[in-house]
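Structure first, then comments.
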Amino acid sequence: MERKKFLRTLGAGAAFAITFPCLGSCSKDSEVEGEIVTPPTNIDFTIDLTSSEAAKLANNGGFILKNLVVVVKNLEGEFVAATQICSHEQYDQVRFVNQDGGIFYCDVHGSRFSQTGTPLNEIPNSTSKALKIYNTSLEGSILRVFE
Ligand code: FES
């Protein structure tokens with residue numbers, strides 16, 4: 001069967017779908033892992049550092065994700081916390097990485113932030129907006145993360 005005849009038998013909608021399969025859905029962002037998320041408000045929670053959920057916080061450079069917050073024991077052994085939601089395009093992909101003394105990093109477009117939330121970006125497509133940082137306090141083995 002000729003291509004033209006074949007397309008005609010499918011109807012206009014199917015022919016359009018076959019001819020233009022990528023319209024509107026093949027942008028770079030559709031390949032990105034993670035979700036665009038609205039940042040939560042009123043962050044205030046605790047973590048028992050003796051619990052299994054906190055196991056990765058036993059070592060310097062370790063971090064866990066809880067309530068859309070990246071809770072970190074930095075390379076100096078201090079606890080810091082930042083939103084998991086990138087200030088660039090609100091993907092929930094911010095993590096702590098062992099680079100330049102320890103930074104927050106979003107792999108969606110490569111935005112980098114200091115531990116105080118200051119953008120460290122030199123590449124296009126990253127952000128100049130600060131990353132939200134939360135307070136931490138430690139009482140015994142209970143770590144509190146709050147605004
Ligand atoms: S959404 Fe994080 S770098 Fe773009």
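Both counts, for ligands and for their atoms, begin at 1 and track the order of listing.
In summary, Glu139 and Arg144 do not engage in a salt bridge, as defined by a charged side-chain N under 4.0 Å from a carboxylate O. The pair Arg95-Asp107 fails the salt-bridge criterion, with no side-chain N (NZ, NE, NH1 or NH2) lying under 4.0 Å from an Asp/Glu carboxylate O.
Contact annotation: His88 places an N, O or S atom under 2.8 Å from atom 4 (Fe) of ligand 1. Distance check for His109 against atom 2 (Fe) of ligand 1: none of its N/O/S atoms falls below 2.8 Å.
Ligand-side atoms of ligand 1 in range of Ser111: 3 (S), range being under 4.0 angstrom from any heavy atom. Applying the 4.0 Å criterion to heavy atoms of Cys86 picks out, from ligand 1, the atoms 1 (S), 2 (Fe), 3 (S).
Linking ILVMFWY residues whenever their side-chain heavy atoms come closer than 4.5 Å, directly or via other members, leaves Ile85 and Tyr105 in distinct clusters.
Counting only N and O atoms by type, the side chains of Gln115 and Asn74 include a donor and acceptor under 3.5 Å apart.
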